[in-house]
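Shown next, in structure tokens, is the structure this report addresses.
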Amino acid sequence: MTAAQPLFRPDEVIVALDVFDSATGNGRRRDPDYSTLAAEADGVLVGWICWGPTPCTVGTYDLYWIVVSLDWQGRGVGGALVAEMERQLAGKARLIVVETAGRADYAPTREFYAARGYQVGATIRDYYSDGDDLVTYTKVLSGPAGRPEEAL
């Protein structure tokens with residue numbers, strides 16, 4: 001499923017699968033700093049998401065990977081995975097950070113995050129390669145000491 005994504009370069013697929021294996025313990029010891037969820041339909045994996053605490057931060061989490069099978073895109077799988085991740089992080093995360101590409105073919109990905117309340121926090125020009133910016137999205141889940149954002 002990950003390798004079938006036309007947006008991902010072969011080297012990115014290798015990294016994604018390594019993270020997946022670390023998060024699930026597939027073939028090795030499970031990395032406790034990764035959390036993952038899978039979406040299945042009729043016993044077949046149709047999506048997965050992986051996140052974890054950002055080192056050297058208090059209450060910041062990175063959404064590392066989210067992948068939905070091409071046949072299942074646009075059917076709510078990705079949104080459900082993100083919503084469940086946010087539900088599991090409620091009360092312990094104050095900020096979620098997502099990094100994605102700035103290429104034109106990533107516009108639907110950026111729209112996906114924006115539609116779920118994520119805002120562009122930073123852009124680094126030519127980060128991935130010439131003409132391919134890094135776009136960092138953030139979403140505040142809570143304020144200090146777990147207070148809702150509205151209490152800030």
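Model, not experiment: these values are computed from the prediction.
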T60 and R94 side chains, donor-acceptor separation under 3.5 Å: yes
In one Ile/Leu/Val/Met/Phe/Trp/Tyr side-chain cluster, 4.5 Å: L63, L134: no
Under 3.5 Å donor-acceptor, T36 side chain and I49 backbone: yes
Taking I96 as the starting point, is it possible to reach V120 by hopping between hydrophobic residues whose side chains are less than 4.5 Å apart? yes
Can you list every pair that meets salt bridge (Lys or Arg N to Asp or Glu O under 4.0 Å) and has a residue in residues 64-86, with sequence neighbours left out? E84-R87, E86-K139
So do the side chains of L141 and L89 get within less than 4.5 Å of each other, counting heavy atoms only? yes
About how many Å separate CD of E40 and OG of S69, when rounded to the nearest 0.5 Å? 12.5 Å
Are L37 and W51 close enough, and set up right, to give a side-chain contact (heavy atoms from CB on, under 4.5 Å), and what steps lead you there? CA-CA 9 Å; L37 290 171; W51 71 91; 3.7 Å; yes
For the residue pair Y118 and Y113, categorise the inter-ring angle as parallel (less than 30°), tilted (30 to 60°) or perpendicular (more than 60°). perpendicular
Taking the side chain as C-beta and beyond, is there a heavy-atom pair between Y128 and E99 under 4.5 Å? yes
Establish, yes or no, whether the cationic atom of R116 lies under 6.0 Å from the six-membered ring centre of F112 and within 45° of the ring axis. yes
Can you check side chain to side chain donor-acceptor pair (under 3.5 Å) on D62 and T54, steps first, answer last? CA-CA 6 Å; D62 285 304; T54 307; 2.9 Å; yes
Could you tell me if the side chain of V98 sits less than 4.5 Å from the side chain of Y64, heavy atoms only? no
Carefully, step by step, assess V97 and T136 under the rule side-chain contact (heavy atoms from CB on, under 4.5 Å). CA-CA 7 Å; V97 177; T136 302; 3.6 Å; yes
For a 4.5 angstrom cut-off between non-hydrogen side-chain atoms, does I124 reach D133? no
